Undergrad: 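One structure coming up, written as structure tokens, with questions to follow.
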2 protein chains.
Amino acid sequence: MAERASRTVSVASIRSPVGRDGILDVAARLFREQGYGPVSLRKIAEAAGIKAGSIYYHFGSKDEIVVAILDLGIRAVHEKMRQAVLRHADGAAAAAILRAAIRAHLRALLDVSDYSSANVRIFGQVPQSVRDANLPTRRAYEAEWDNLLTRLQRDGALRRNVDIRRLRLMLIGALNATLEWFDPERGSVEALASTYADVFLNGILEQREV
Amino acid sequence: MAERASRTVSVASIRSPVGRDGILDVAARLFREQGYGPVSLRKIAEAAGIKAGSIYYHFGSKDEIVVAILDLGIRAVHEKMRQAVLRHADGAAAAAILRAAIRAHLRALLDVSDYSSANVRIFGQVPQSVRDANLPTRRAYEAEWDNLLTRLQRDGALRRNVDIRRLRLMLIGALNATLEWFDPERGSVEALASTYADVFLNGILEQREV
DNA sequence: GAAATAACCTAACAAGTGTTAGTTATGCAG
DNA sequence: CTGCATAACTAACACTTGTTAGGTTATTTC
């Protein structure tokens, strides 16, 4: 490919550099597909079309790459979820708001972002120091959920016998678990999100009496 | 330690062999604690009090160890769950049966078995071939859940608008996710199981009208 | 056109990996 | 006492890993 570089400046460079972002994109995809362990710097480099040593021009260590990906991953879900909730007025039905938040989280994981799915996939496999570096960003997203749930519970829409922190851990844990088995050929993300909302909001028991 | 071996036979061997089971026990614990990647054969050997090469007297490869652990892990949960369900008569309330099954699964993971927790922890990190070897055992446990859920749905106890396979994936996924965050110092497994049952059976919305 | 900079390559390093072959110590059966 | 099985040890192998230092090339700036 790319026989000779351009002689004139006007022609956009033929061999455009991969660069920091290109490396991150490729690494995020590999991490999502294969997990943390099997993805070496040489694999990342090869997939990006460069050599392993070259990565150190953009990053100081492998951990630095992973930390960057983990952070971008959470920021992506966080933003999607925040905006989905914001689209509802303050007085909107609790069920509708929760549905939107669940849907946004699942879409970010399963549709939109390699970074988000990579985060969920490899967070438990990564060295402690890397996890620690990611904690503040993570806590911010958790706080967003806690705020939402607390508000809805205060408004009387949520049962009062469940601890908010525990409820959030249950919810996000359940949603993240879909990454292990969801197959787009067996159903849409939309339908999945709808089912999750149904189950979490109303349960699976047939209601006979109240 | 153990300066000299016994001269008389009567004294039970001072340096009792670690053996196949000892290696498996140690490996399961390490896998649960650290995940798959960071646990090398040398780490397992050291924790077991032997040398790395000695492991090959009992196992043909590292994969063989992991496969054994994964299998034992599922068999343990399966057995606990099956017996918990069996303790209920056929006509027992659906809610009670489901509660028992959820409780059994969570206890196996969080209380009882290093093998079960190791399974959940490392299954997603392990080579494809190892995962494949574990599939039959896994399918058997999944079938147990599918049978239970199908029966309850046929009896009219479960909502009819949820696919059984999907419901099972949601449930087990949610329960397994607890492994990442459950802290026995913040609450008992019993209470956790009870909350999970509450949420899954009846949802989190405050019921106003039917 | 010279100088500077950005982006990459090459080649090697020390450490750690799973695995193998050969050896050694112990306990029991004949 | 001999012979054998069990359960370990020792020492090496080929390979992969993250990382580093130094060199090369293309583009931009002056």
Side-chain angles (χ1 to χ4, degrees), chain A residues 1-27 30-31 34-69 122 125-127 129-130, chain B residues 1-27 30-31 34-68 125-127 129-130:
Chain A
M1 3 210 150
E3 300 292 39
R4 269 285 134 126
S6 62
R7 255 178 295 172
T8 65
V9 196
S10 58
V11 175
S13 59
I14 296 182
R15 181 208 260 186
S16 76
V18 180
R20 199 187 135 96
D21 291 354
I23 295 175
L24 284 180
D25 282 354
V26 163
L30 291 181
F31 282 139
Q34 313 185 22
Y36 176 73
V39 176
S40 65
L41 289 181
R42 284 171 177 81
K43 277 193 191 176
I44 296 174
E46 189 188 350
I50 61 177
K51 295 300 164 64
S54 309
I55 292 181
Y56 283 80
Y57 176 77
H58 299 283
F59 301 93
S61 68
K62 186 186 185 186
D63 283 0
E64 210 176 297
I65 300 181
V66 185
V67 168
I69 289 180
I122 72 176
Q125 316 179 17
V126 125
S129 59
V130 172
Chain B
M1 357 212 150
E3 299 291 38
R4 267 283 134 125
S6 60
R7 255 178 295 174
T8 65
V9 195
S10 59
V11 176
S13 59
I14 296 180
R15 179 211 261 183
S16 78
V18 179
R20 198 188 136 95
D21 290 355
I23 295 175
L24 284 180
D25 282 355
V26 163
L30 291 182
F31 282 139
Q34 313 185 22
Y36 177 72
V39 176
S40 65
L41 288 181
R42 285 172 177 82
K43 278 194 190 173
I44 296 175
E46 189 187 353
I50 61 177
K51 294 300 164 65
S54 311
I55 292 181
Y56 283 82
Y57 177 77
H58 299 282
F59 300 93
S61 68
K62 185 184 183 186
D63 283 0
E64 211 174 297
I65 300 181
V66 184
V67 168
Q125 316 179 19
V126 123
S129 59
V130 173

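Keep in mind it's a predicted model, so treat the numbers as computed, not measured. Per chain, numbering begins at 1; letters A, B, ... match sequence-line order.
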Undergrad: Heavy-atom count around A/Gln34 CD within 6.0 Å, excluding the residue itself: above 12?
TA: yes

Undergrad: Rounded off to whole Å, could you give me the CZ-to-C1' distance for the B/Phe59 and C/dT20 pair?
TA: 18 Å

Undergrad: If you only use heavy atoms from C-beta on, which nucleotide in D/dG18, D/dC9, C/dC8 is closest to the side chain of A/Val18?
TA: C/dC8

Undergrad: Got A/Leu24 and A/Phe59 here, is their nearest side-chain heavy-atom distance under 4.5 Å?
TA: yes

Undergrad: What's the CD1-C1' distance between B/Ile55 and D/dT10, to the nearest Å?
TA: 15 Å

Undergrad: Do B/Asp63 and B/Val126 touch side chain to side chain, with heavy atoms closer than 4.5 Å?
TA: no

Undergrad: If you compare every side-chain N and O of A/His58 against the phosphate oxygens of C/dC8 (OP1, OP2), does one of them come in below 4.0 Å?
TA: yes

Undergrad: For B/Lys51 and B/Ala45, which heavy atoms make the closest approach, and how far apart are they?
TA: C-CB, 3.5 Å

Undergrad: Expressed as a whole number of angstroms, how long is the span from B/Tyr56:OH to C/dA21:P?
TA: 12 Å

Undergrad: How long is the line joining CG of A/Leu41 and C1' of C/dC9, in whole Å?
TA: 16 Å

Undergrad: Mapping B/Asp63 and A/Ala52 to their closest nucleotides on DNA chain C, which lands nearer the 5' end?
TA: A/Ala52

Undergrad: If you check the A/Arg42 side chain, which of D/dC9, C/dG18, D/dT19 turns out closest?
TA: D/dT19

Undergrad: Please report the distance, rounded to the nearest Å, between NZ in B/Lys51 and P in D/dC9.
TA: 6 Å

Undergrad: Using whole Å, report how far CD of B/Glu46 lies from P of C/dG18.
TA: 14 Å

Undergrad: Is the NZ or CZ atom of B/Lys62 positioned over B/Tyr36's six-membered ring, under 6.0 angstrom from the centre and within 45° of the axis?
TA: yes

Undergrad: Does C/dA7 have its OP1 or OP2 closer than 4.0 Å to a side-chain nitrogen or oxygen of A/Ser54?
TA: no

Undergrad: Hey, does A/Ser40 reach any base, or is it just sugar-phosphate, or nothing, if we go heavy atoms under 4.0 Å?
TA: sugar-phosphate

Undergrad: Can you confirm whether A/Lys43 sits close enough to A/Pro38 that some side-chain heavy atom of one is under 4.5 Å from a side-chain heavy atom of the other?
TA: yes

Undergrad: Which listed nucleotide (D/dT19, C/dC8, C/dT19) is nearest to the side chain of A/Ile50?
TA: C/dC8

Undergrad: 5'-most contact on DNA chain C: A/Gly53 or A/Tyr57, nearest heavy atom basis?
TA: A/Tyr57

Undergrad: Just call it for B/Lys62: base, sugar-phosphate, or nothing, with non-hydrogen atoms closer than 4.0 Å on any strand.
TA: sugar-phosphate

Undergrad: Write down the distance between CD (A/Glu64) and C1' (D/dT20), rounded to a whole number of angstrom.
TA: 15 Å

Undergrad: Specify the closest pair of heavy atoms between A/Ile23 and A/Val18, including all atoms of both residues, with the distance to one decimal.
TA: N-CG1, 3.9 Å

Undergrad: Which residues in residues 19-26 of chain A have a heavy atom closer than 4.0 Å to any atom of DNA chain C?
TA: A/Gly19

